[in-house]
Each structure stands twice: as C-alpha cells, then as structure tokens.
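Just so it is clear: chains get the letters A, B, ... in the order the sequence lines come, proteins before strands, and each one is counted from 1. The analysis underlying the following values was restricted to heavy atoms, covering all of them including side chains, and did not include hydrogens, waters or symmetry mates.
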There are 2 protein chains.
Amino acid sequence: MKIQKIPEASIVRMSVYSRYLSRLDQKGIVTTSSGEIADGVGVSPAQVRKDLAYFGEFGTRGVGYNVKDLHHHVLKILGLTNEWPVVLVGAGNLGTALCVYRGFRERGFKIVGVLDSDPKKHGQPLGDLVILPMDKMEEIIKENDVKMGIVTVPSDFAQDIVNLLVKYGVKAILNFAPRAITVPEDVELRNVDLAVNLEVLTFKLSS
Amino acid sequence: MKIQKIPEASIVRMSVYSRYLSRLDQKGIVTTSSGEIADGVGVSPAQVRKDLAYFGEFGTRGVGYNVKDLHHHVLKILGLTNEWPVVLVGAGNLGTALCVYRGFRERGFKIVGVLDSDPKKHGQPLGDLVILPMDKMEEIIKENDVKMGIVTVPSDFAQDIVNLLVKYGVKAILNFAPRAITVPEDVELRNVDLAVNLEVLTFKLSS
DNA sequence: GACTGTGAAGCCATTCACAGCT
DNA sequence: AGCTGTGAATGGCTTCACAGTC
C-alpha cells in the first residue's frame with residue numbers, strides 16, 4: 001500500500017463501519033465480508049474494501065474479515081481506544097441534550113465540564129455534572145487534559161468561545177452555531193448545522 | 001445555462017449562503033459580491049458564482065448582487081418561502097431539545113406534533129405542544145399536511161418509525177439514529193450522526 | 001476597473017475489473 | 001469458488017481563467 005491522502009468521506013465511513021462491526025460482534029458473529037458490511041451500512045462492497053485499504057490489509061483473501069480483529073483495528077485508527085474528555089460550552093436546550101446524550105458516552109466521549117455564561121444557570125445540576133461559569137474553562141481543560149470541545153452557544157458568541165477554547169489548549173472543536181468560524185491551522189474544526197439538513201430536504205421536496 | 005445535475009454540496013452551501021444573506025440584509029447592506037459572500041461563509045468566490053449559476057443569473061456584471069433580491073431567490077430555490085409543518089418522533093433528550101430549537105423556527109420549520117411511545121410522557125407539555133402517543137401519528141400528519149419528519153428514537157426502533165411516517169405520507173425524513181435506514185424511492189432521507197462528527201475529530205487528533 | 005457567468009482544466013473520490021490468495 | 005486488495009477507468013466537483021457587461 002502506498003501512502004496517500006485519505007478522503008474525509010472515508011473517515012466518516014470508517015466511523016460508521018465501526019458501529020456496525022460492534023453490532024456484529026455483540027451478536028457473536030465471528031467472520032464478515034466487505035459485502036456484508038456494505039449491505040449493513042448502505043455503501044458498495046468496493047467502497048468498503050477501498051476505505052479499509054487506506055489503512056492496511058485486515059482481511060484474508062477468499063475468506064473475509066475477522067469481526068473482533070477488524071473492529072479493534074478500526075477503533076484504533078479512529079483513536080477510540082481511550083476515553084476522550086470533552087468540555088461543552090453553552091447549556092441551552094441543545095447543549096443540555098448533548099451533555100446527557102448516550103451516543104457520545106457509548107463511543108468513549110466523556111463530558112467533564114459544562115460551561116455557560118448565564119449566572120442563573122451556575123450551580124444547576126446537569127446529568128452528573130454542575131453548570132459552571134465561563135471563568136472555570138481554563139481549570140477544567142487543564143485539570144482533565146481536555147483536547148476536544150463542543151460549542152452550542154448562540155451564533156454571535158461562537159467565535160469568541162472558540163477563541164477561548166483554543167487559547168486554553170483545545171485542539172478539536174465541534175461547533176453547532178450556524179456561523180463561519182475560524183481556527184488556527186493546528187486546530188480541527190467541524191460544523192454541524194441542523195437547519196441545513198432540513199433545508200436540503202425542503203429543496204428536494206420543492207423541486 | 002444548460003440543465004445539469006446539481007451537486008448536493010451546492011445545495012448545502014445555498015442554505016449557508018441564505019443565512020449569510022439574511023444577516024447582510026438585517027445590517028441594511030444593499031449590494032454584495034461573490035467575494036464578500038465567499039469570505040463570509042468560508043468558500044471560494046468561484047464556488048459561490050458556480051453554485052448560484054446552477055439556478056440562474058442573479059447578479060449584474062461589474063456590480064454584484066442585490067442582497068434582498070438574491071436572498072429571496074435563494075429562499076425560493078430552497079423551498080423556504082412557506083412555513084413547513086414537521087412532526088417529531090422520540091421525545092428523549094435530543095428530541096425535546098430539537099423540539100424547542102430556535103434555529104428551526106427561525107428558518108420556517110414548525111413542529112406541529114411530538115410523539116413518543118412511552119406512556120409516562122403522554123400529556124407532558126413540551127414547548128407549546130403536548131407529547132402524544134404514537135397512534136396519533138396519522139391524525140397529526142393528515143390534519144397538518146405534514147411532509148417532513150424528524151426521528152430521534154433509539155436506533156432499534158428507527159426503521160419501524162420511518163416506515164410508519166412513510167405509510168402516512170411523510171416524504172422527507174431527518175434521522176438522528178446511527179443506523180442504516182431504507183426508504184422508498186420517492187422519500188428523501190438524511191442522516192445526522194452526531195458521534196461520527198466527534199470521531200472524525202479524534203481521528204485527526206490521533207494521526 | 002470591477003465583478004459576473006461559464007467552458008475547460010484539474011483534481012479528487014468512487015467504481016470497475018481482475019490478479020492474488022485460501 | 002469465494003473474497004480481498006488494488007491499479008485503471010470513470011464520474012463528479014472544484015478551481016481556473018477569461019469573455020462579457022456595467
């Protein structure tokens with residue numbers, strides 16, 4: 001295998017494969033194939049093989065893949081073999097929902113701090129945490145060695161919050177505010193725009 | 001302009017442009033350019049022009065675009081000139097958060113019904129709605145002429161719920177369950193996988 | 001001079017098709 | 001015979017570069 005750039009879409013699919021492999025493993029299935037995975041997640045078998053091939057040779061020709069083995073490899077590729085501490089900023093409706101979202105914990109993400117600028121919220125319990133004021137950000141990040149942040153503050157404040165997170169050493173940010181945000185080169189940013197997803201649907205319904 | 005297939009990525013960007021144009025309009029700005037829009041949303045000017053060109057000629061050479069005018073055109077293209085009634089299924093943490101999410105209402109999406117299978121939740125207020133049992137689905141959809149649904153139920157039930165929505169006439173579904181879901185050809189489906197977004201970040205942090 | 005609209009070129013991702021292994 | 005791994009072919013999106021317009 002030559003070294004080459006890996007498409008972001010492949011990484012997204014790797015994450016999806018890993019969830020499917022975890023299900024196969026739970027069902028006690030020992031061996032699988034690119035065809036089975038493809039059916040299970042809704043892509044082509046060639047796509048599955050190509051994606052996996054970016055990272056190594058995990059299968060046996062004529063046989064397929066060992067489920068446990070492949071699952072472990074994929075988790076390792078995604079960096080999910082250890083728990084990730086995460087700080088969440090913005091304890092509004094969306095923030096509180098994400099804070100207790102089981103899908104994150106199941107995949108090894110642990111929210112270790114929830115911050116909000118509203119003094120009325122400070123001290124309020126949220127899951128097994130307590131909402132803290134913004135000036136606790138540095139402490140939370142440093143004490144827990146936090147590298148990831150989730151931003152669910154109103155759009156107007158998103159860039160400022162992101163700047164703060166970066167200042168205190170966060171290296172990857174998931175932003176839910178529908179605004180263009182900039183970060184330094186060594187920081188990873190992903191945006192999730194919930195309304196956009198509905199609007200793609202209305203476009204298709206209308207055309 | 002020739003007829004041609006429009007990339008989905010272009011539609012996503014159109015939605016982003018429309019939000020930026022709405023901000024420019026609010027600020028009272030009358031004229032803009034592909035360069036300004038590009039800077040504002042973080043893409044290239046050529047990309048902006050190409051995207052818009054899929055749908056028509058909205059600008060004036062040497063001048064730029066009229067903000068109000070372009071904004072209106074983009075909203076019309078996205079099918080956002082009328083309010084869309086939406087039904088939401090699954091009043092867990094994520095579902096309740098989305099139900100009162102301002103970002104949806106601001107863009108013309110109105111949740112007209114929240115359903116959950118848990119009898120303990122029935123009758124509980126949620127925003128200005130009340131959580132209803134699943135067997136009210138048909139009534140809600142028919143009475144409000146609902147064409148869009150949001151699914152925030154546990155993964156194991158997502159396909160069943162989607163099947164029900166489709167059965168009662170919903171034509172576009174936004175699914176938050178991390179499972180492969182299938183729908184008939186005439187139904188649009190989009191998946192939002194929140195954990196995947198964090199996992200793409202961990203991949204990048206780890207590599 | 002400034003900015004749009006667009007064919008052509010370049011680039012990137014997916015699919016194909018088959019050699020290689022069990 | 002069955003399935004992986006992969007170079008080659010295809011298809012699609014983005015960028016380039018410039019003619020057209022004000």
Side-chain angles (χ1 to χ4, degrees), chain A residues 1-17 20-21 24 29-71 73-74 77 180 196 200 203, chain B residues 1-17 20-21 24 29-71 73-74 77 180 196 200 203:
Chain A
M1 192 197 64
K2 289 185 213 148
I3 55 144
Q4 56 188 120
K5 211 199 154 288
I6 295 158
E8 176 141 320
S10 290
I11 299 160
V12 168
R13 285 189 297 267
M14 290 294 279
S15 169
V16 174
Y17 302 156
Y20 183 69
L21 289 168
L24 288 183
I29 292 163
V30 175
T31 304
T32 188
S33 65
S34 60
E36 184 175 31
I37 297 170
D39 285 349
V41 306
V43 302
S44 73
Q47 184 78 81
V48 173
R49 294 199 300 277
K50 188 61 115 179
D51 286 336
L52 295 175
Y54 284 121
F55 301 99
E57 304 188 8
F58 305 117
T60 310
R61 292 171 194 226
V63 177
Y65 304 92
N66 176 283
V67 172
K68 267 195 178 10
D69 211 47
L70 182 59
H71 185 211
H73 273 114
V74 175
I77 289 161
V196 162
V200 173
F203 168 79
Chain B
M1 190 199 66
K2 290 185 212 146
I3 55 144
Q4 57 187 119
K5 208 196 157 288
I6 296 159
E8 176 141 317
S10 290
I11 299 160
V12 168
R13 285 189 299 267
M14 291 293 279
S15 169
V16 173
Y17 303 155
Y20 183 68
L21 289 168
L24 289 183
I29 292 164
V30 176
T31 305
T32 188
S33 65
S34 59
E36 184 175 31
I37 297 170
D39 284 349
V41 307
V43 303
S44 74
Q47 183 80 79
V48 173
R49 294 200 298 278
K50 189 60 114 181
D51 286 338
L52 295 176
Y54 284 121
F55 302 98
E57 304 189 8
F58 306 116
T60 311
R61 291 170 195 227
V63 179
Y65 305 91
N66 176 282
V67 172
K68 267 194 179 10
D69 210 48
L70 182 58
H71 186 211
H73 274 115
V74 175
I77 289 160
V196 162
V200 173
F203 168 78

Checklist entry - Has B/Ser44 got a side-chain N or O lying under 4.0 Å from the OP1 or OP2 atom of D/dT15? => result yes

Item to check | Side-chain touch B/Tyr54/B/Met14, heavy atoms, less than 4.5 angstrom | outcome: no

Checklist entry - Within this structure, what is the CD-to-C1' distance between B/Glu8 and D/dT14, rounded to whole angstrom? => result 16 Å

Item to check | Gap between atoms CG and P, on B/Leu52 and D/dC13 respectively (whole Å) | outcome: 17 Å

Next on the checklist: Without decimals, in angstroms, what is the distance between B/Leu70 CG and C/dT4 P?
Outcome noted: 10 Å

Next on the checklist: Any side-chain N or O of A/Tyr65 below 4.0 angstrom from OP1/OP2 of D/dG5?
Outcome noted: yes

Next on the checklist: By nearest heavy atom, map A/Pro7 and A/Thr60 onto DNA chain C; which one lands nearer the 5' end?
Outcome noted: A/Pro7

Checklist entry - So, does the side chain of A/Arg61 form a donor-acceptor pair with the base of D/dG5 at under 3.5 Å? => result no

Checklist entry - Do B/Ile37 and B/Leu70 come close enough that some side-chain heavy atom pair is under 4.5 Å? => result yes

Item to check | Aromatic plane relationship, B/His73 with B/Phe58 - under 30° parallel, 30 to 60° tilted, over 60° perpendicular | outcome: tilted

Item to check | For A/Tyr20 against A/Glu36, the heavy-atom pair lying closest together | outcome: OH-O, 3.7 Å

Next on the checklist: Is A/Gln47 close enough to C/dT15 that one of its side-chain N or O atoms is under 4.0 Å from OP1 or OP2 there?
Outcome noted: yes

Checklist entry - How long is the line joining NZ of A/Lys50 and C1' of D/dG11, in whole Å? => result 15 Å

Checklist outcome for this item: From CZ of A/Arg49 across to C1' of D/dG5 the rounded distance in Å is 8 Å

Item to check | Side-chain N or O of A/Arg13 closer than 4.0 Å to phosphate OP1/OP2 of C/dT14 | outcome: yes

Item to check | Contact under 4.0 Å: B/Ser34 side-chain N or O vs C/dT4 OP1/OP2 | outcome: yes

Checklist outcome for this item: Rounded to whole Å, the CG-C1' distance (B/Asp51 to D/dT15) equals 12 Å

Next on the checklist: Please report the distance, rounded to the nearest Å, between CD in B/Glu36 and C1' in C/dA2.
Outcome noted: 14 Å

Checklist entry - Quick one: B/Lys5 NZ to D/dC13 P, roughly how many Å, whole number? => result 5 Å

Checklist entry - Side-chain contact, heavy-atom cut-off 4.5 Å: B/Leu52 with B/Tyr65? => result yes

